[in-house]
Protein chains: 2
Amino acid sequence: MTPARPATLREVAEAAGVSPSTVSLVVNKKKDARISAETRRRVRDAIRDLGYRPNALAKTLVSGSSRFIGLVADAIATTPFAGQIIHGAQDEAWKHGYALLIANTEGNSDLEKDAITMMLEHKVRGILYSTWFHRVTEIPEALREADFVLVNCFAAEDGVRAVVPDEAQGGREATELLIRAGHRRIAFINATIPAPAKDGRLAGYRAALDDGGLAFDPALVLEAYPDQEGGYDAVPALLALGATAVYCYNDRMAAGLYDGLRERGVSVPGDLSVVGFDNQEVIAAHVRPPLSTVALPHDELGAAGIRLLLGLDSPEESIVKVECPPVERASVAATDAAFTTPPDAAR
Amino acid sequence: MTPARPATLREVAEAAGVSPSTVSLVVNKKKDARISAETRRRVRDAIRDLGYRPNALAKTLVSGSSRFIGLVADAIATTPFAGQIIHGAQDEAWKHGYALLIANTEGNSDLEKDAITMMLEHKVRGILYSTWFHRVTEIPEALREADFVLVNCFAAEDGVRAVVPDEAQGGREATELLIRAGHRRIAFINATIPAPAKDGRLAGYRAALDDGGLAFDPALVLEAYPDQEGGYDAVPALLALGATAVYCYNDRMAAGLYDGLRERGVSVPGDLSVVGFDNQEVIAAHVRPPLSTVALPHDELGAAGIRLLLGLDSPEESIVKVECPPVERASVAATDAAFTTPPDAAR
DNA sequence: CTGAAAGCGCTAACAC
DNA sequence: GTGTTAGCGCTTTCAG
């Protein structure tokens, strides 16, 4: 039985017949402490017998620095994304001996302020401020009192540390998946909603086209609401373009596109190759055929945020961009055009 | 500028020319403390000038009880579910003045032990031990040292507090959605994987059939792997049954079923009504047509866990079942049979 | 090799 | 009304 009030270090000392400081030394395995094997044993026994647990709070009080890192999120459950950020942050924090204190604010700034206050009062080492979709953000005043880094968002002002996904590089990889398969007429269905992702993913598309020696044709860029319904509705316009491949703003859009395509007897990837963006597991890995896409590295965003906070990474820029790796599945097929210009015969 | 070392209560006292206890009294707004308006003002000013933040850790040390609740999860990012549990728990904990300390264990029992140890050392008020899918679980030894409640899982032994979804009630509601629409030949595609959900959802199906005066026909229950591929593959067998409606073990299965149905020209809900289970937003709300289903109340599971831990709820049974509410969308249509026995003409 | 003493920031009696 | 004192559980010089 564990006693109601947990045993203290002092009690262990008494039980072992030594002083508190001796117990402290053996508990913390101080290298330079010379404790006789005999004493050490007696202390260990007492610890076991009493079921002693060090009090991390008291430890913090004397050492002055706590082992907490706060994570404030604007929407923990709305998407799987926030979960991944928490996951990445938690693992990395843990690795360095820190525990994560989390708060969900639903974007409510009062809650946000309270959450940050709570963290400050618990003397967190620092705070990760995260958003579920990549965007610019205001910095709550209270946050400035802490050592903080922005995750999946960034500030308008300069010099504020942040970690965000590299949308342009991702868009480029997505497009390249298609170009490498020989496609030359590649449509892009962008989002209707303004966001860093909208601009970045388009920029990446253009960059890949450029590199591939393909002209950018504005007519090939459509816009749709970034979900299944948007993708579904975009089908007629897309089909009118005569493209052999399409790169969608996100996986949800691609999933809706699949439905519309199937209804019209257009097969993927036989008649049309498709790539998405986000790598939203539940969707991308399980539609028919499995969707090739580019991953939004939320875990890594969280982990990088922690490293930045702890000063383990010291990048040149205050805003660090994390790569979005392509994940190839089965929605891209080679087109004949590929055989028109085989690598070796090029020129 | 915030000083490197935050101001302490003692410094505030000196700055205000009062004693520490006076400051303590005004900070904590003690009702029965008689502090002159003048003193109160001086203290407040000093607090503001020094940017004073109470140290919650020191407070905890003296009061003996911390304001932390630990949440250990076996898979934060694998599914959206864990995120919802965290969300529900966090909100409820917050409401009662507690902060959530979270740990992700990936089911690794060493990590699990470390996580629990860390929480114990931080003197958490209690621990919520959660799993991402509903199942029986072992209780890690260390956990017994804390006040704990199981969330989305339960122990084999008696008397251990736990909160789980009411699978049978959910299965019953799902089936009733179909029965109420007049269906009389209702197939059920269960999971191939043993789990409380498998048994519960089947039991609910049978109960609903019973209540509806329909005979249970074992031939109408199929089994498939509980994901999109499983649902897709089950289509031929399902179609051979001649059912007018089908209840799927989960939404992912239903989504795969949609694909297979569409390929064969079977329309939902025109030719076949479909209901799922889980209410996995990204899928259920956005397939075509939107899927009627039954929600797995993960948020509520987390919240109920907190209330149980805090002793705010005191149920009769140690295992509390949380209701799975039906969410109707557009995948169920009335069948002619409904008009054969209109409610009023019944008997 | 080990113990005594001071103090981390705060609260709670109890004085005055 | 407000100050004094004594710890909460622990670490850390500094003696011995």
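Note that the structure is predicted; figures quoted are calculated from it, not measured. The sequence lines fix the lettering, A, B, ..., with proteins before strands; numbering per chain opens at 1. Because only heavy atoms are used, hydrogens play no part in the values below, and waters and symmetry mates are left out as well, while side chains stay in.
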Which residues satisfy the side-chain contact (heavy atoms from CB on, under 4.5 Å) test with A/A73, sequence neighbours excluded? A/I76, A/S130
For the helix from C/dC1-D/dG16 to C/dC16-D/dG1, what angle lies between the axis at the first five pairs and the axis at the last five pairs, to 10 degrees? 40°
May I have all residue pairs that pass salt bridge (charged side-chain N to carboxylate O under 4.0 Å, His left out) and include part of residues 107-124 of chain B, sequence neighbours excluded? none
Taking C/dT2, C/dG9, D/dT11 as options, the one with an atom nearest any side-chain atom of A/I35 is C/dT2
Before accepting this row, confirm whether a basic side-chain N of the pair B/D49/B/R42 lies closer than 4.0 Å to the acidic partner's carboxylate O. no
Given atom CZ of A/R67 and atom P of D/dC10, what is their separation to the nearest angstrom? 18 Å
Between D/dC8 atom C1' and B/L57 atom CG, what is the distance in whole Å? 13 Å
Provide a list of protein-nucleic acid N or O atom pairs under 3.5 angstrom, restricted to nucleotides 3-7 of chain D.
{"residue": "D/dG3", "atom": "OP2", "partner": "B/S19", "partner atom": "N", "Å": "2.7"}
{"residue": "D/dG3", "atom": "OP2", "partner": "B/S19", "partner atom": "OG", "Å": "3.4"}
{"residue": "D/dG3", "atom": "OP2", "partner": "B/T22", "partner atom": "OG1", "Å": "2.8"}
{"residue": "D/dG3", "atom": "N7", "partner": "B/S21", "partner atom": "OG", "Å": "3.3"}
{"residue": "D/dT4", "atom": "O4", "partner": "B/S21", "partner atom": "OG", "Å": "2.9"}

Can you tell me if the side-chain N/O atoms of A/S36 get under 4.0 Å from OP1 or OP2 in C/dT2? yes
Residue-phosphate contact under 4.0 Å: A/N55 side-chain N/O, D/dC8 OP1/OP2: no
According to the ring-ring contact (aromatic ring centres under 6.0 Å, His included) rule, which pairs have a member within residues 85-124 of chain A, sequence neighbours left out? A/H122-B/F68
I'd like to know if B/R41 pairs up with B/D45 as an ion pair, taking the criterion as any Lys NZ or Arg NE/NH1/NH2 lying under 4.0 Å from an Asp or Glu carboxylate oxygen. yes
In residues 53-61 of chain B, what donor-acceptor pairs under 3.5 Å come from side-chain atoms, sequence neighbours left out?
{"residue": "B/R53", "atom": "NE", "partner": "A/E145", "partner atom": "OE1", "Å": "2.7"}
{"residue": "B/R53", "atom": "NH2", "partner": "A/E145", "partner atom": "OE1", "Å": "3.3"}
{"residue": "B/R53", "atom": "NH2", "partner": "A/E145", "partner atom": "OE2", "Å": "2.7"}
{"residue": "B/N55", "atom": "OD1", "partner": "B/L57", "partner atom": "N", "Å": "2.8"}
{"residue": "B/N55", "atom": "OD1", "partner": "B/A58", "partner atom": "N", "Å": "3.1"}
{"residue": "B/T60", "atom": "OG1", "partner": "B/A56", "partner atom": "O", "Å": "3.0"}

Going by side chain to side chain donor-acceptor pair (under 3.5 Å), name the pairs with one or both residues in residues 149-163 of chain B, residues two or more places apart or in two chains. B/R144-B/E157, B/D147-B/R161
Give the rounded distance in Å between these two atoms: CZ of A/R10 and C1' of D/dC10. 10 Å
Between C1' on D/dC8 and CZ on A/R53, what's the gap in Å once rounded to a whole number? 20 Å
ring-ring contact (aromatic ring centres under 6.0 Å, His included) contacts touching residues 295-315 of chain B (sequence neighbours left out): B/F81-B/H298
Let me check something: any side-chain donor-acceptor pairs from residues 303-319 of chain A under 3.5 Å, sequence neighbours excluded? List them with distances.
{"residue": "A/R307", "atom": "NE", "partner": "A/D313", "partner atom": "OD2", "Å": "3.1"}
{"residue": "A/R307", "atom": "NH2", "partner": "A/E300", "partner atom": "OE2", "Å": "2.8"}

Please give, in whole Å, the distance from D/dG1 P to B/R42 CZ? 15 Å
What is the distance, rounded to the nearest whole Å, between atom NZ of B/K59 and atom P of C/dT11? 5 Å
Would you say a side-chain N or O of B/S24 is under 4.0 Å from OP1 or OP2 of C/dC10? no
Atom pair distance, as rounded to whole Å: CD in A/E121 and P in C/dG9: 15 Å
Separation of A/E14 atom CD from D/dC10 atom P, in whole Å? 13 Å
